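Note that the structure is predicted; figures quoted are calculated from it, not measured.
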Amino acid sequence: MEPEEQTLPKDAIAESTADALEFGQQIWDLLMQGGELLLRPWNAYQVGIALAVFVLAALIAKPLGSAFHDWLRGREGWPRWRMRVGLVLHKRIRGILFVLLIWLVVLIMQEATWPSRSRLLELIGNLSLAWLIVSFATRLVGNPLLRNLVKYGAWTWITLRILGITQEAIHLLDGVAIEFGDLRISLYLVVQAAVILGVMLTLARVISSVAANRIRGNADISPSMQVLGAKMAQILLFGGAFFIGLKAIGIDLTGLAVLSGAIGVGLGFGLQKVVSNLVSGLIILLDKSIKPGDVISLGDTFGWINALGARYVSVVTRDGREYLIPNEDLITSQVVNWSHSDKFVRLDLTFGTGYGDDPHKVRKIAIQAALGVNRVLSAGGKKPVCHITGFGDSSVDYVLRIWIDDPTGGLTNIRGNVYLALWDAFQAENISIPFPQREVRMLNDPLPVRVAPAGNEG
């Protein structure tokens with residue numbers, strides 16, 4: 001048994017080397033056949049014509065691209081998606097011109113000479129048109145790496161179909177493989193997985209975007225449920241696309257059961273905070289305690305909710321700072337939601353006047369001054385009111401209560417504007433705003449000595 005065990009690695013190495021040499025020989029044979037075809041007279045002429053058409057398309061594309069770019073810059077009222085389409089067309093003007101010119105040459109040559117003398121040009125036209133269509137279609141893929149994989153994979157497959165060597169290419173790619181026991185991973189399987197998963201994830205992304213826009217556009221659904229519905233749609237679509245893609249490739253999904261169990265244990269022990277934030281985010285969305293646009297206070301942070309994420313909540317303050325607060329903090333801490341059930345907020349402003357001023361007059365002046373400030377409500381039961389709260393040491397104390405319905409506009413600024421209006425109104429009506437005045441004398445200071453003027457002695 002011992003000699004056989006020693007020869008097995010050598011046999012495996014020899015077999016792998018033979019497969020690699022055979023693959024390389026097949027590639028070399030294909031290249032040689034392609035070279036012989038290109039060296040034939042009419043094929044060489046067609047290659048030269050294609051190069052001339054490419055140069056002509058490049059020369060025409062330069063001024064045409066500049067004019068089209070200037071025209072796009074003047075379309076300021078266009079929607080964003082239309083501008084994106086225009087930019088995509090601008091980047092591919094040379095390719096569009098090449099496809100149009102090459103097919104024009106093909107039609108002319110088919111009318112002027114034998115059809116066989118333009119087959120190579122027709123092949124180049126088909127490949128160029130396929131590349132153009134694939135490059136336009138793959139713009140729907142958001143991830144750059146995945147976009148390139150789908151683009152080049154799809155174009156390669158279309159090229160093989162046009163050349164009629166699909167089965168030969170599959171045989172070549174399937175011959176390069178790595179085996180781990182019963183598992184065999186070939187280069188063809190890797191390419192197939194990249195293309196299928198890329199297409200499935202792209203479709204999931206497009207469908208989820210459309211579904212999210214439909215959900216957000218439904219006025220009957222609350223903002224928090226809109227976010228929850230959009231996220232659930234994304235999770236279901238992307239998860240379904242991933243597993244359907246694996247199934248289409250031929251991977252047995254039953255083997256993922258053990259892996260999912262291991263991942264669950266790892267989440268329980270190593271990712272407690274992450275899982276806690278995820279669950280807290282779902283609770284926030286379900287109980288509708290906060291939603292996008294609400295104005296909240298959490299500790300020293302005061303701002304409005306910009307977005308609800310899976311792990312955190314984005315809160316934007318009046319000074320432009322964006323705080324990313326973990327969802328768990330919003331569940332376990334005391335949160336002041338200024339606009340939970342409605343957007344009406346009452347503000348209390350305290351001030352004092354002198355005892356010589358008529359309090360009835362002071363109250364009327366204060367209410368009129370508040371009504372003259374923007375953002376202060378004056379209708380319904382939200383009118384400003386003013387009450388005496390006590391008789392202080394040096395002033396009669398009042399509280400002025402006002403209502404606003406736009407807390408996102410800030411609270412400090414509206415308080416300042418109302419106080420400034422009170423100041424102007426009290427100055428116009430000669431109402432005093434007393435303040436304490438105290439005299440301070442330092443102990444052990446020498447008393448001043450009065451010196452008699454000269455000439456008054458005796």
Original post:
Going by the angle between their ring planes, with limits at 30° and 60°, are H69 and H90 parallel, tilted or perpendicular?
Top reply: tilted
**OP:** Please say which of V362, D424, I365 ends up in a side chain to side chain contact (heavy atoms under 4.5 Å, CB included) with E429.
**Re:**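 The side chain to side chain contact (heavy atoms under 4.5 Å, CB included) with E429 is passed solely by I365 among V362, D424, I365.
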Kindly indicate whether the side chain of [X], heavy atoms from C-beta on, has any atom under 4.5 Å from the side chain of [Y].
X	Y	answer
P359	Y398	yes
F302	V315	no
F98	I124	yes
L411	I404	yes
N126	W103	yes
W304	V316	yes
V295	V345	no
L308	I290	yes

Subject >> E328 versus S280, side-chain donor and acceptor atoms under 3.5 Å >> reply: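 Not at all, the side chains of S280 and E328 share no donor-acceptor pair under 3.5 Å.
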Subject >> Exercise: do T350 and D348 side chains pair donor with acceptor under 3.5 Å >> reply: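 There is no such pair (donor and acceptor under 3.5 Å, judged by atom type) between the side chains of T350 and D348.
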Report, one line per pair, each donor and acceptor closer than 3.5 Å where one atom sits in a side chain of residues 371-378; sequence neighbours left out.
unit_1, atom_1, unit_2, atom_2, d
R375, NE, D406, OD1, 3.2
R375, NE, D406, OD2, 3.0
R375, NH1, G409, O, 3.4
R375, NH1, G410, O, 3.4
R375, NH1, N413, OD1, 3.2
R375, NH2, D406, O, 3.1
R375, NH2, D406, OD1, 3.4
R375, NH2, G410, O, 2.8

Original post:
So does W423 have more than 12 non-hydrogen atoms from other groups sitting under 6.0 Å from CH2?
Top reply: no
Original post:
Can you tell me if R363 uses its side chain to pair, donor with acceptor, with the backbone of C386 under 3.5 Å?
Top reply: yes
Original post:
Can you tell me how far CD1 of I305 sits from CG of L330, rounded to the nearest 0.5 angstrom?
Top reply: 7.0 Å
